[in-house]
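The next block holds one structure in the form of structure tokens; read it before the comments.
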Amino acid sequence: MPINYNFTDLVNTIEPGHLMATSNSFQDMMMRYQCAIMEVETKIRVLNEEFSLRMRRNPIESIKTRMKSPASIYEKMERRGYPLTIDSMERNLNDIAGVRVICSFPEDIYSVARLITEQDDIIVLQIKDYIANPKPNGYRSLHLIVAVPIFLANEKKNMKVEIQFRTIAMDFWASLEHKVKYKKDVENPEQVAKELKECADIIASVDYRMQEIEHSTSLVGKEKKE
Ligand code: 0O2
């Protein structure tokens, strides 16, 4: 179903004639990114199915997708000083299309990410491993920027998608940290940041302990009585 993007929040900031001239191509661009999200989501669901058959468990807990809003696209382009053209948006922004994959255990993140990056129609543009190298605030996730082909009536086009891989616990932490970051009336921000960092480290250790428990109780590799 086509999505109609609301430009009212942009009308005051972009010269209206320019907006009129470009709005159709903007809608086209957003449609292409939406298709790219669908392609990536399907690839990940297929891997989950196969994995669950072979390993008798699902490595993926859930998948969330999101399109960056026109207002956020505009804000980021302005902040970074890029020209406001479709070509420049596609060239300079990596996160117009976003897919977040929530995995059960840390090793699942790397397995699914590897299987995705090995697919021959996927081009890996960037890998940021904030699990091996967490951010100073404690943020952990594996980020991939990939280009995936979409096939339209008259063209094939590679579109960029940001895929974020996290465990359930990492996602839980990131959601709270994200909320706290945008709260203006936090009384003791340094203390909150310190506590969040401590929680991030505890969560990381729990993730690996849970993985160990899973290994020690796993039926894979052992005789399974049907
Ligand atoms: P939203 O609403 O999730 O989209 P880039 O944007 O790739 O050019 P950057 O900023 O270096 O440059 O990207 P990075 O570090 O890979 O982070 C991009 C996204 O990762 C963020 O998108 C967040 O979703 C997530 N992220 C990164 N760092 C943190 C963090 O410290 N805390 C939380 N909660 N999330 C983080 P947006 O655009 O910020 O938000």
Side-chain angles (χ1 to χ4, degrees), residues 3 5-6 9-10 26 29-30 32-34 36-37 40-41 44 60-103 106 109-110 112-113 116-117 122-148 158-184 186 189-204 206-207:
I3 301 166
Y5 290 93
N6 183 353
D9 51 351
L10 299 183
F26 186 86
M29 178 188 81
M30 295 302 260
R32 289 195 300 272
Y33 278 113
Q34 188 63 51
I37 283 181
V40 169
E41 187 177 4
I44 290 166
I60 294 163
E61 293 287 334
S62 62
I63 303 172
K64 301 173 195 168
T65 64
R66 77 105 181 84
M67 288 285 295
K68 205 172 186 69
S69 68
S72 303
I73 293 174
Y74 176 74
E75 185 277 323
K76 196 163 185 175
M77 296 294 290
E78 278 281 287
R79 179 161 42 86
R80 299 204 171 170
Y82 298 131
L84 271 180
T85 63
I86 299 298
D87 181 55
S88 158
M89 288 174 203
E90 292 197 35
R91 209 161 0 94
N92 294 308
L93 298 187
N94 292 330
D95 63 344
I96 295 180
V99 176
R100 187 169 289 157
V101 184
I102 313 298
C103 293
I109 291 177
Y110 292 104
V112 179
I116 279 288
T117 56
I122 288 273
I123 302 166
V124 182
L125 301 172
Q126 195 179 63
I127 300 178
K128 289 188 196 171
D129 189 347
Y130 295 124
I131 300 173
N133 305 295
K135 287 198 170 182
N137 63 358
Y139 177 76
R140 285 171 172 82
S141 285
L142 177 68
H143 293 190
L144 304 183
I145 308 294
V146 300
V148 62
N158 279 326
M159 303 301 297
K160 284 193 240 176
V161 178
E162 181 187 67
I163 317 178
Q164 297 181 350
F165 292 90
R166 298 175 179 170
T167 60
I168 306 164
M170 290 171 197
D171 191 48
F172 177 42
W173 182 93
S175 316
L176 179 62
E177 194 270 350
H178 191 264
K179 270 186 222 145
V180 168
K181 197 155 47 189
Y182 290 102
K183 275 199 178 150
K184 293 200 172 66
V186 177
E190 289 84 13
Q191 181 59 23
V192 172
K194 187 167 169 281
E195 289 203 25
L196 277 169
K197 169 74 173 67
E198 279 173 23
C199 285
D201 295 342
I202 293 168
I203 275 172
V206 169
D207 263 341

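As the structure lists them, so they are numbered: ligands from 1, and atoms in each ligand from 1. Just so you know, these numbers come straight off a predicted model, no measurement behind them.
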Under 3.5 Å, is there a donor-acceptor pair linking the side chains of Arg166 and Tyr130?
no
Validation row: Arg140, Asp201 side chains within 4.5 angstrom (heavy atoms)
yes
Should the proximity of Asp95 to ligand 1, defined as any heavy atom under 4.0 Å, be assigned to the side chain, the backbone, both, or neither?
side chain
the protein heavy atom lying closest to atom 6 (O) of ligand 1 turns out to be Lys76 NZ, 2.5 Å
List the steps, then state whether side-chain contact (heavy atoms from CB on, under 4.5 Å) holds for Val99 with Ile44.
CA-CA 10 Å; Val99 176; Ile44 290 166; 4.3 Å; yes
Short list, please: which atoms of ligand 1 are under 4.0 Å from a heavy atom of Arg80?
8 (O), 12 (O)
Under 3.5 Å, N or O to N or O, is Arg166 touching ligand 1 that way?
no
Ligand 1 atoms nearer than 4.0 angstrom to some heavy atom of Asn137 are 30 (C), 31 (O)
Which atoms of ligand 1 have any heavy atom of Glu162 under 4.0 Å away?
18 (C)
Could you check if a side-chain atom of Ile131 sits within less than 4.5 angstrom of a side-chain atom of Phe165, using non-hydrogen atoms only?
no
Would you say atom 34 (N) of ligand 1 has a protein heavy atom nearer than 4.0 Å?
yes
Over all atoms of both residues, closest heavy-atom pair of Pro83 and Met77
O-CE, 3.2 Å
Would you mind listing which atoms of ligand 1 come within a distance below 4.0 Å of any non-hydrogen atom of Tyr130?
14 (P), 15 (O), 16 (O)
From the list Ile60, Thr167, Asp129, Val101, side-chain contact (heavy atoms from CB on, under 4.5 Å) with Ile109 holds only for Thr167
What is the minimum heavy-atom distance between Ala169 and Asp207, and which atoms define it?
CB-OD1, 3.7 Å
Starting from atom 3 (O) of ligand 1, find the nearest protein heavy-atom neighbour and note its residue, name and distance.
Arg100 NH2, 3.7 Å
Looking only at non-hydrogen atoms, the one of Arg66, Met170, Lys68, His178 nearest atom 4 (O) of ligand 1 is Arg66
the protein heavy atom lying closest to atom 39 (O) of ligand 1 turns out to be Tyr182 OH, 4.9 Å
N or O contact, Gln164 vs ligand 1, cut-off under 3.5 Å
yes
Pick, from Lys128, His143, Lys179, Lys135, the option with the minimum heavy-atom distance to atom 7 (O) of ligand 1.
Lys128
For atom 22 (O) of ligand 1, is the nearest protein heavy atom closer than 4.0 Å?
no
Taking atom 32 (N) of ligand 1 as the reference point, the nearest protein heavy atom with its distance:
Glu177 OE1, 2.8 Å
Counting from 1, what ligand 1 atoms have a heavy atom of Ala174 closer than 4.0 Å?
34 (N)
Beyond-backbone contact of Asn92 with Arg80, side-chain heavy atoms, under 4.5 angstrom
no
Any side-chain heavy-atom pair of Lys160 and Ile96 under 4.5 Å
no
Which heavy atom of Tyr33 sits nearest to which heavy atom of Ala97, and what is that distance?
CD2-CB, 3.7 Å
Look at atom 36 (C) of ligand 1 and say which protein heavy atom is nearest, naming residue and atom and giving the distance to 0.1 Å.
Tyr139 CE1, 3.3 Å
State plainly whether the residues Glu190 and Lys194 are in salt-bridge range, i.e. N to O under 4.0 Å.
no
